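Below is one structure, written out as structure tokens, with a few remarks after it.
Here the structure is a predicted model, which is why all the values come from computation and not from measurement.
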Amino acid sequence: MPEDKLKPKSDPPARAIVPGPIGPLVPPYRGPGRVTNAVPATRWRTRGGPPVAHTATGPSWRCDACGQDWPCPALRAIPTDAARRATLIPEFSRITRRAIRDLRGRPGGPDPVAVVRRFLWFLPLTDEEARAIALRLR
């Protein structure tokens, strides 16, 4: 009977090793437990030095690397093309909403229109457009 003949289990096929410019190139692991969208910590560090990421969080919204108002001049100096602007708009809109809430009530702090112009520096906004965005994000 065919049911009596059990097929021996075979091992999965081995991954192909393709020669690369500096040695064998092994395809990336795509199985369970793969960490996606993980940025290695070494990307944001200089050789053995402190972190150099120009990031900030509320309520002060000061740059962690240089201590200036965030987004700092170093972050603003990065060129922005149309594709980068398209990826920055959703994230910076979310951040701008938090910044308006954090900075609005501070004595001597910026008004919401100034916060919008500061956090959406990569968009050419008029004062009326910035005011409309500030009203929407409050």
Side-chain angles (χ1 to χ4, degrees):
M1 290 198 330
E3 296 157 359
D4 292 338
K5 296 180 183 177
L6 296 176
K7 292 182 180 178
K9 289 189 176 184
S10 62
D11 293 333
R15 296 186 344 188
I17 297 178
V18 180
I22 55 172
L25 176 67
V26 178
Y29 175 70
R30 300 196 189 280
R34 177 178 178 223
V35 179
T36 58
N37 297 333
V39 178
T42 56
R43 173 183 257 176
W44 304 113
R45 296 187 182 274
T46 56
R47 294 180 190 163
V52 294
H54 292 273
T55 59
T57 56
S60 66
W61 294 100
R62 303 289 240 159
C63 180
D64 294 336
C66 59
Q68 297 184 12
D69 286 341
W70 193 84
C72 61
L75 185 64
R76 290 178 185 220
I78 299 171
T80 56
D81 58 350
R84 183 165 185 258
R85 274 189 221 105
T87 59
L88 290 177
I89 287 173
E91 183 66 22
F92 273 79
S93 296
R94 185 181 60 77
I95 292 171
T96 303
R97 174 176 282 147
R98 287 179 39 215
I100 288 173
R101 291 178 185 157
D102 289 342
L103 297 173
R104 180 175 42 194
R106 292 184 160 227
D111 64 332
V113 175
V115 173
V116 167
R117 293 190 70 112
R118 175 176 149 188
F119 280 78
L120 300 177
W121 83 95
F122 52 89
L123 297 175
L125 296 173
T126 64
D127 284 338
E128 293 81 25
E129 292 169 334
R131 187 171 290 110
I133 291 171
L135 287 172
R136 209 161 216 198
L137 293 178
R138 286 194 302 172

What closest approach, in Å, do [X] and [Y] show between heavy atoms, and which atom pair accounts for it?
X: R118; Y: P110; value: NH1-CG, 4.5 Å
X: W61; Y: A56; value: CZ3-O, 3.7 Å
X: P59; Y: L103; value: O-CD2, 3.6 Å
X: E129; Y: P124; value: OE1-O, 3.7 Å
X: T126; Y: R117; value: C-NH1, 3.4 Å
X: P112; Y: R104; value: CG-CD, 4.3 Å

Query raised in the report: Parallel under 30°, tilted from 30 to 60°, perpendicular over 60°: which one fits the rings of F122 and F92?
Result: perpendicular
Query raised in the report: Should L137 and W70 be regarded as members of a common hydrophobic cluster, given that ILVMFWY residues are connected when their side-chain heavy atoms come within less than 4.5 Å of each other, either directly or indirectly?
Result: yes
Query raised in the report: Taking a hydrophobic cluster as the set of Ile, Leu, Val, Met, Phe, Trp and Tyr residues connected by side-chain heavy atoms closer than 4.5 Å, whether directly or through intermediates, do W121 and I89 fall within one such cluster?
Result: yes
Distance (rounded to the nearest 0.5 Å) between [X] [atom1] and [Y] [atom2]:
X: I95; Y: I100; atom1: CD1; atom2: CD1; answer: 12.5 Å
X: L125; Y: I133; atom1: CG; atom2: CD1; answer: 4.5 Å
X: H54; Y: R76; atom1: NE2; atom2: CZ; answer: 13.5 Å

Query - Charged N-O contact under 4.0 Å between R131 and E128 - result: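 A salt bridge is absent here (no side-chain N lies under 4.0 Å from a carboxylate O).
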Requested in this report: For the pair R85 (side chain) and L123 (backbone), establish whether a donor and an acceptor sit closer than 3.5 Å, ignoring hydrogens and angles.
Outcome: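 Judged by distance alone, no pair lies under 3.5 Å.
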